[in-house]
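The residues of the chain are indexed from 1 along the displayed sequence.
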Amino acid sequence: AEAAGAAPRRVLVLGNGTGTYATLCAEYFGEARIEGVEIDDRISDLAYEYFDMSKDVELTTYDGRAYLQACDGLYDVILVDAYQDITIPFQMSSVEFFSMVRDHLADGGVMAVNMNMHSDGEGSINEALCDTICAVFPHVYTVDVSNNTNRELFASLGDPAELLARRAPSIRDPQLASMMDRVLRGLTVCEPGGGILTDDRAPVEVLGMRAIDELISDELGYYSSVFRSQGIKGILTML
């Protein structure tokens with residue numbers, strides 16, 4: 001809860017999509033001012049019509065990076081949710097972009113990035129994104145989403161893990177408290193590396209295709225092992 005007389009928290013979603021995150025923020029943090037930016041107004045129409053997006057969300061139809069460049073507001077949370085599997089806008093993956101996000105964070109503010117897939121190892125898309133973000137923020141963590149291929153990243157000029165640990169006991173909603181506890185226990189520190197993406201060099205399409213190739217290879221390996229042990233009947237049973 002906000003202290004009496006304090007300004008409401010500000011949340012910005014870059015890549016608002018169908019508004020799931022913005023709506024949850026409105027539900028759990030009703031006092032916050034929530035702004036969403038979505039480049040496709042047709043998706044925004046679907047968000048209101050089929051996904052019950054909160055009418056309290058201040059929505060703008062614009063490119064996320066261009067919006068940051070045009071506004072001078074400071075935010076407590078900026079969520080970058082513009083990545084869809086291997087479709088990553090290069091202009092929202094570079095050190096220049098993440099520097100812009102950093103400059104729009106209020107004191108103690110946190111950037112969250114929905115990385116949208118597990119992709120590990122040298123030369124992976126997630127390694128490149130983590131290296132790039134570590135070049136901008138001193139504190140960077142990731143956490144994998146349970147029973148999903150999503151990975152979330154949190155970055156701040158302060159330590160977001162310390163902030164979460166300090167504030168988690170004050171969360172009253174049991175569902176939110178449970179989720180925050182899982183996040184806190186799952187946080188992994190990102191170590192900086194040299195694979196920094198820039199406006200001049202951000203081969204996200206190539207890195208994304210490599211991630212898809214790895215996922216396909218893993219799936220084929222699994223089905224191959226089933227075929228070797230159970231034959232075609234085993235495969236058909238699984239289908």
Side-chain angles (χ1 to χ4, degrees), residues 9-17 21-22 24-25 29 32 34-37 64-65 67-69 71 73-84 88-120 124-145 148-168 179-199 201-202 204 207-208 211:
R9 298 290 186 182
R10 295 186 69 183
V11 177
L12 177 65
V13 185
L14 301 178
N16 190 69
Y21 181 79
L24 287 173
C25 283
F29 312 111
I34 303 161
E35 301 172 43
V37 181
R65 177 165 174 170
Y67 182 85
L68 276 184
Q69 195 162 3
C71 80
L74 296 177
Y75 299 89
D76 298 286
V77 176
I78 296 179
L79 172 67
V80 180
D81 197 12
Y83 308 158
Q84 180 58 42
I88 296 179
F90 82 90
Q91 77 275 14
M92 295 181 70
S93 67
S94 67
V95 69
E96 291 87 353
F97 167 70
F98 291 117
S99 296
M100 196 178 299
V101 173
R102 177 199 60 202
D103 293 343
H104 281 80
L105 287 175
D107 289 343
V110 176
M111 176 185 73
V113 180
N114 185 7
M115 302 180 80
N116 230 330
M117 66 166 59
H118 299 173
S119 173
D120 292 312
S124 68
I125 182 64
N126 279 357
E127 181 187 59
L129 288 170
C130 287
D131 287 353
T132 303
I133 294 168
C134 283
V136 176
F137 291 92
H139 301 281
V140 182
Y141 295 85
T142 61
V143 60
D144 290 341
V145 180
N148 201 297
T149 59
N150 276 22
R151 174 172 292 165
E152 306 300 321
L153 179 147
F154 304 97
S156 179
L157 296 178
D159 191 337
E162 180 183 324
L163 178 67
L164 178 56
R166 188 169 69 249
R167 294 189 176 179
M179 181 173 63
M180 291 297 98
D181 178 66
R182 291 199 305 272
V183 169
L184 184 59
R185 288 186 285 108
L187 288 176
T188 300
V189 176
C190 282
E191 299 294 343
I196 298 174
L197 303 173
T198 69
D199 283 350
R201 183 183 178 277
V204 290
L207 295 173

Measure the shortest side-chain to side-chain distance between [X] and [Y] over non-hydrogen atoms and say whether it is less than 4.5 angstrom.
{"X": "Leu12", "Y": "His104", "result": "no"}
{"X": "Gln91", "Y": "Glu96", "result": "no"}
{"X": "Phe154", "Y": "Thr142", "result": "no"}
{"X": "Leu105", "Y": "Leu74", "result": "no"}
{"X": "Ile133", "Y": "Leu153", "result": "yes"}
{"X": "Glu35", "Y": "Val11", "result": "no"}
{"X": "Arg9", "Y": "Val77", "result": "no"}

### Message
Tell me which one of Asp199, Thr132, Thr198 satisfies side-chain hydrogen bond (donor to acceptor under 3.5 Å, both in side chains) with Ser94.
### Response
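Going through Asp199, Thr132, Thr198 one by one, the side-chain hydrogen bond (donor to acceptor under 3.5 Å, both in side chains) with Ser94 is satisfied by Asp199 alone.
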### Query
Sequence neighbours excluded, which residues qualify as side-chain contact (heavy atoms from CB on, under 4.5 Å) partners of Ser156?
Val110, Pro160
### Query
Can you name the residues that form a side-chain contact (heavy atoms from CB on, under 4.5 Å) with Ala165, not counting sequence neighbours?
Leu184
### Task
Check the pair Val80 / Met111 against side-chain contact (heavy atoms from CB on, under 4.5 Å), numbers first and verdict last.
CA-CA 7 Å; Val80 180; Met111 176 185 73; 4.3 Å; yes
### Passing candidate, side chain to side chain contact (heavy atoms under 4.5 Å, CB included) with Val37, options Asn16, Asp81, Leu14
Leu14
[atom2] on [Y] to [atom1] on [X], rounded to 0.5 Å:
{"X": "Phe97", "Y": "Met92", "atom1": "CZ", "atom2": "CE", "value": "3.5 Å"}
{"X": "Met180", "Y": "Arg185", "atom1": "CE", "atom2": "CZ", "value": "12.0 Å"}
{"X": "Leu68", "Y": "Asp103", "atom1": "CG", "atom2": "CG", "value": "9.5 Å"}
{"X": "Ile196", "Y": "Leu129", "atom1": "CD1", "atom2": "CG", "value": "12.0 Å"}
{"X": "Ser99", "Y": "Phe137", "atom1": "OG", "atom2": "CZ", "value": "8.0 Å"}
{"X": "Glu191", "Y": "Cys134", "atom1": "CD", "atom2": "SG", "value": "7.5 Å"}

Quick one: list whatever passes salt bridge (charged side-chain N to carboxylate O under 4.0 Å, His left out) with [X], sequence neighbours left out.
{"X": "Arg102", "answer": "none"}
{"X": "Asp131", "answer": "none"}
{"X": "Glu152", "answer": "none"}

### Minimum heavy-atom distance between Ala161 and Leu187, given as atom pair plus value
CB-CD1, 3.7 Å
### Query
Where do Val136 and Val95 land on the side-chain contact (heavy atoms from CB on, under 4.5 Å) test, with the steps shown first?
CA-CA 7 Å; Val136 176; Val95 69; 3.4 Å; yes
### Task
May I have the step-by-step check of side-chain contact (heavy atoms from CB on, under 4.5 Å) for Asn126 and Arg151, ending in yes or no?
CA-CA 9 Å; Asn126 279 357; Arg151 174 172 292 165; 3.4 Å; yes
### Message
Checking Asn114 against Tyr21: is there a side-chain donor and acceptor pair closer than 3.5 Å?
### Response
no
### Query
Honestly, is Arg10 close enough over Tyr75, meaning NZ or CZ under 6.0 Å from the six-membered ring centre and within 45° of the axis?
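Judged by the rule (NZ or CZ under 6.0 Å from the ring centre, within 45° of its axis), Arg10 counts as positioned above Tyr75.
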### Residues which pass side-chain hydrogen bond (donor to acceptor under 3.5 Å, both in side chains) with Gln69, listed by chain and number, not counting sequence neighbours
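Counting only residues at least two positions away or on another chain, Gln69 forms no side-chain hydrogen bond (donor to acceptor under 3.5 Å, both in side chains).
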### Query
Step by step, would you call Cys190 with His139 a side-chain contact (heavy atoms from CB on, under 4.5 Å)?
CA-CA 8 Å; Cys190 282; His139 301 281; over 6 Å; no
